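Computed from a predicted structure; not experimentally measured.
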Amino acid sequence: ETALLVPTLAGEPSGHADMFLTFLAPDLVVVGSMDQAADEENAALLDKIAEDLEAMPTLAGPLRVERIGQPDHDDGVWRTYTSVVFANGVVLVPVYPDYCPDLDARALDFYRKHLSEREIVPIDCSRLVRNGTTLRSITLTVPR
């Protein structure tokens, strides 16, 4: 058995790993990437996390890592495309049309490519993130 503890992002207030990674399959993880010019420290941290995860053993074979661009946080708001919700054959994907519609489109295309058997549903999370929470966080207490 192998375990890897991943560090939190520097300056990100929640400390949650789903702010920068999520599993799409038992042998596939998506790790965020950041522009070096926007956040050199966290860009390097995410690159290291992706490198450390690559080819880790799983019951389904070596772990595969895909990368997805993350919006910058130069306005103090931390947005993510990895805080997704899987439910009833759909994947709810956070988008931020008031901030980065171009990145939103790329994120939706990414999930459509990697999860083609599921319906990809964009959810405008602009207000959520400005209030310090994420899509996945607010669904954790939804009963079955």
Flag side-chain contact, heavy atom, 4.5 Å: [X] against [Y]:
{"X": "Phe86", "Y": "Arg118", "answer": "yes"}
{"X": "Leu9", "Y": "Trp78", "answer": "yes"}
{"X": "Asp104", "Y": "Pro122", "answer": "no"}
{"X": "Leu135", "Y": "Cys125", "answer": "yes"}
{"X": "Val31", "Y": "Arg67", "answer": "yes"}

Considering all heavy atoms of both residues, which atom of [X] and which atom of [Y] are nearest to each other, and what is their separation?
{"X": "Phe20", "Y": "Gln70", "value": "CA-NE2, 3.9 Å"}
{"X": "Pro101", "Y": "Pro97", "value": "CD-O, 3.7 Å"}
{"X": "Gln36", "Y": "Ala44", "value": "OE1-N, 3.8 Å"}
{"X": "Gly32", "Y": "Thr82", "value": "N-CG2, 4.4 Å"}
{"X": "Asp98", "Y": "Ser126", "value": "OD1-OG, 2.7 Å"}
{"X": "Leu103", "Y": "Pro71", "value": "CD1-CA, 3.7 Å"}

Supply the atom-to-atom distance [X] [atom1] to [Y] [atom2], rounded to the nearest 0.5 angstrom.
{"X": "Asn42", "Y": "Met34", "atom1": "CG", "atom2": "CE", "answer": "5.0 Å"}
{"X": "Thr58", "Y": "Arg64", "atom1": "OG1", "atom2": "CZ", "answer": "9.0 Å"}
{"X": "Asp39", "Y": "Glu12", "atom1": "CG", "atom2": "CD", "answer": "11.0 Å"}
{"X": "Ile49", "Y": "Ser33", "atom1": "CD1", "atom2": "OG", "answer": "12.0 Å"}
{"X": "Glu66", "Y": "Lys113", "atom1": "CD", "atom2": "NZ", "answer": "6.0 Å"}

**Request:** Kindly indicate, with the supporting measurements, whether the criterion side-chain contact (heavy atoms from CB on, under 4.5 Å) is fulfilled by Ile120 and Phe110.
**Result:** CA-CA 10 Å; Ile120 305 302; Phe110 175 91; over 6 Å; no

**Request:** May I ask you to check whether Asn131 and Thr133 show a side-chain donor-acceptor distance below 3.5 Å?
**Result:** no

**Request:** Test salt bridge (charged side-chain N to carboxylate O under 4.0 Å, His left out) on Asp109 and Arg112 and set out the steps.
**Result:** CA-CA 5 Å; Asp109 287 345; Arg112 287 183 186 115; 3.5 Å; yes

Hey, quick one: are [X] and [Y] part of the same hydrophobic cluster, counting side-chain heavy atoms closer than 4.5 Å, chains of contacts allowed?
{"X": "Ile68", "Y": "Val121", "answer": "no"}
{"X": "Val30", "Y": "Leu46", "answer": "no"}
{"X": "Val84", "Y": "Phe23", "answer": "no"}
{"X": "Val93", "Y": "Val77", "answer": "yes"}
{"X": "Leu21", "Y": "Tyr81", "answer": "no"}

**Request:** Kindly check if the number of other-residue, nucleotide or ligand heavy atoms within 6.0 Å of CD (Glu40) is above 12?
**Result:**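 Counting other residues, nucleotides and ligands, CD of Glu40 stays at 12 neighbours or fewer.
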
**Request:** Please name the residue in the list Val85, Leu24, Thr22, Leu115 that meets the side chain to side chain contact (heavy atoms under 4.5 Å, CB included) test with Val91.
**Result:**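 Filter result, single survivor: Leu115.
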
